Amino acid sequence: IPSSPAPSRLPVRPPPSRPAWGSAPAWPLTRPIVPTAILADGFIATVSGERLRLAALARATLPAGRALIGTDAPFAGSEPVARHGALRGDLILAGLSYRETLLRAGEARLRPDLPAEPCLDRLRGIEAQARANRLGLWNDPRYAVLDAGDPDAVRAQAGRYVVAIGRGVHVGGRKNRVYVDFGSDWRRDVAAVTDRKSLDGALLDDPTRLAGRLIEVRGVVRQGTPPHIELEAPGTLVVLGHNGNQ
């Protein structure tokens with residue numbers, strides 16, 4: 001991963017809901033596979049030559065080269081070959097979700113990418129605990145949570161997947177796109193951009209409710225005037241509170 005200026009670190013603000021802890025698989029079990037290692041591109045290799053993508057995790061931050069259990073492990077997820085020519089889902093190693101194991105140790109970051117992701121709140125809560133304890137990646141300045149109100153810090157991460165927190169100042173829209181500005185100067189300040197269908201509940205009907213709310217967004221930083229964070233899917237925008245309260 002190319003080096004970049006260390007962003008300012010923000011205090012961790014966990015999501016408002018707290019999932020129950022446990023390790024029951026979220027995906028339907030399909031069949032056993034024999035995993036061997038996490039590849040440099042973030043996919044998991046198997047003895048049979050298949051590749052597995054751990055759903056809803058950022059591949060670029062997975063521990064490449066890690067050897068996995070070389071015995072049959074239940075695979076839970078999509079049976080048809082998905083994007084990138086890989087099966088998408090989770091491994092159950094020693095009875096535990098491998099996605100949860102990585103998130104709990106701070107060895108992975110959440111990256112929601114599909115509307116039908118099971119137990120997303122549960123995974124988010126596990127990641128929040130690792131962040132609060134500054135485990136693994138969360139103790140590395142390159143992965144610190146950005147201040148969405150600091151355009152210079154966000155712009156410095158252009159092309160990278162980031163997590164940022166800020167207060168929505170203005171909310172606008174164009175066709176099916178929603179723009180959340182994190183400052184009063186649209187020519188300079190950071191914006192988050194998403195499809196309206198990626199919003200949940202009342203926000204889907206009225207995105208302007210985001211104005212004045214403290215929100216967490218995660219996505220790739222795109223250059224432009226202003227720099228913006230492209231939100232890929234439902235779950236990449238979470239309301240944390242109003243007027244600073246959870």
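All values below were derived from every heavy atom in this structure, side-chain atoms included, with hydrogens, water molecules and symmetry-related copies excluded. If you're wondering where the values come from, they're calculated on a predicted model, not measured in any experiment. The chain is numbered in sequence order, starting from 1.
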Nearest atoms (heavy-atom pairs only) where [X] meets [Y]:
X	Y	answer
Ala191	Asp181	CB-OD1, 3.5 Å
Ala164	Ala148	CB-CB, 4.1 Å
Ser198	Thr194	CB-OG1, 3.4 Å
Leu87	Glu50	CD1-OE2, 3.8 Å
Ala58	Arg111	N-CB, 3.7 Å
Leu62	Ala108	CD2-CB, 3.7 Å

Is the shortest side-chain heavy-atom distance between [X] and [Y] below 4.5 Å?
X	Y	result
Leu57	Leu103	yes
Arg167	Leu214	yes
Leu68	Ile44	yes
Pro227	Gln157	no
Ile38	Tyr98	yes
Leu96	Arg104	no
Pro112	Leu123	no

Give me the one residue out of [options] that meets side-chain contact (heavy atoms from CB on, under 4.5 Å) with [X].
X	options	answer
Phe182	Ile215, Val154, Val169	Ile215
Ile165	Leu146, Leu240, Val238	Leu240
Arg99	Leu54, Leu110, Leu91	Leu54

Nearest-0.5 Å distance, CG of residue Asn133 to CG of residue Asn139
11.0 Å
Going from CZ on Arg134 to CG on Asp140, what distance comes out if it is rounded to the nearest 0.5 angstrom?
10.5 Å
Report whether Val171 and Val193 are members of the same hydrophobic cluster (ILVMFWY, side-chain heavy atoms less than 4.5 Å apart, transitive linking).
no
Would a hydrophobic clustering, with Ile, Leu, Val, Met, Phe, Trp and Tyr connected at side-chain separations under 4.5 Å, put Tyr161 with Val190?
no
Is the side chain of [X] donor-acceptor paired with the backbone N or O of [Y] at a distance under 3.5 Å, no angle test?
X	Y	value
Asp189	Ser184	yes
Thr36	Ala45	yes
Arg124	Gly235	yes
Asp41	Phe43	yes
Arg51	Ala86	no

List in chain and number order the residues that pass side-chain contact (heavy atoms from CB on, under 4.5 Å) with Thr208, two or more places apart in sequence or in another chain; answer none if no residue qualifies.
Asp206
Taking only residues two or more places apart in sequence, or in another chain, which ones meet Val34 in a side-chain contact (heavy atoms from CB on, under 4.5 Å)?
Val47, Asp72
Centre of Tyr143's six-membered ring, under 6.0 Å away, within 45 degrees of the axis: is that where NZ or CZ of Arg109 sits?
no
Does atom CG (Asn176) have a neighbourhood of more than 12 heavy atoms from anything else shown, all under 6.0 Å?
no
Go through Val221 and Arg160 one step at a time and tell me if the side chain to side chain contact (heavy atoms under 4.5 Å, CB included) criterion holds.
CA-CA 6 Å; Val221 177; Arg160 300 186 71 217; 5.9 Å; no
Lys/Arg N to Asp/Glu carboxylate O, Arg222 vs Glu232, below 4.0 Å
no
Less than 4.0 angstrom from a charged side-chain N to a carboxylate O is my criterion; do Arg59 and Asp113 meet it?
no
Before giving the answer on side chain to side chain contact (heavy atoms under 4.5 Å, CB included), spell out for Glu127 and Val163 the whole-Å C-alpha distance, their side-chain angles and the decisive distance to 0.1 Å.
CA-CA 12 Å; Glu127 182 196 72; Val163 181; 5.6 Å; no
With sequence neighbours left out, what residues match Arg188 under salt bridge (charged side-chain N to carboxylate O under 4.0 Å, His left out)?
Asp152
Before you tell me yes or no, could you show the steps for Arg177 and Asp195 under side chain to side chain contact (heavy atoms under 4.5 Å, CB included), namely the whole-Å CA-CA distance, both residues' side-chain angles and the distance that decides it to 0.1 Å?
CA-CA 5 Å; Arg177 300 287 273 171; Asp195 288 333; 2.8 Å; yes
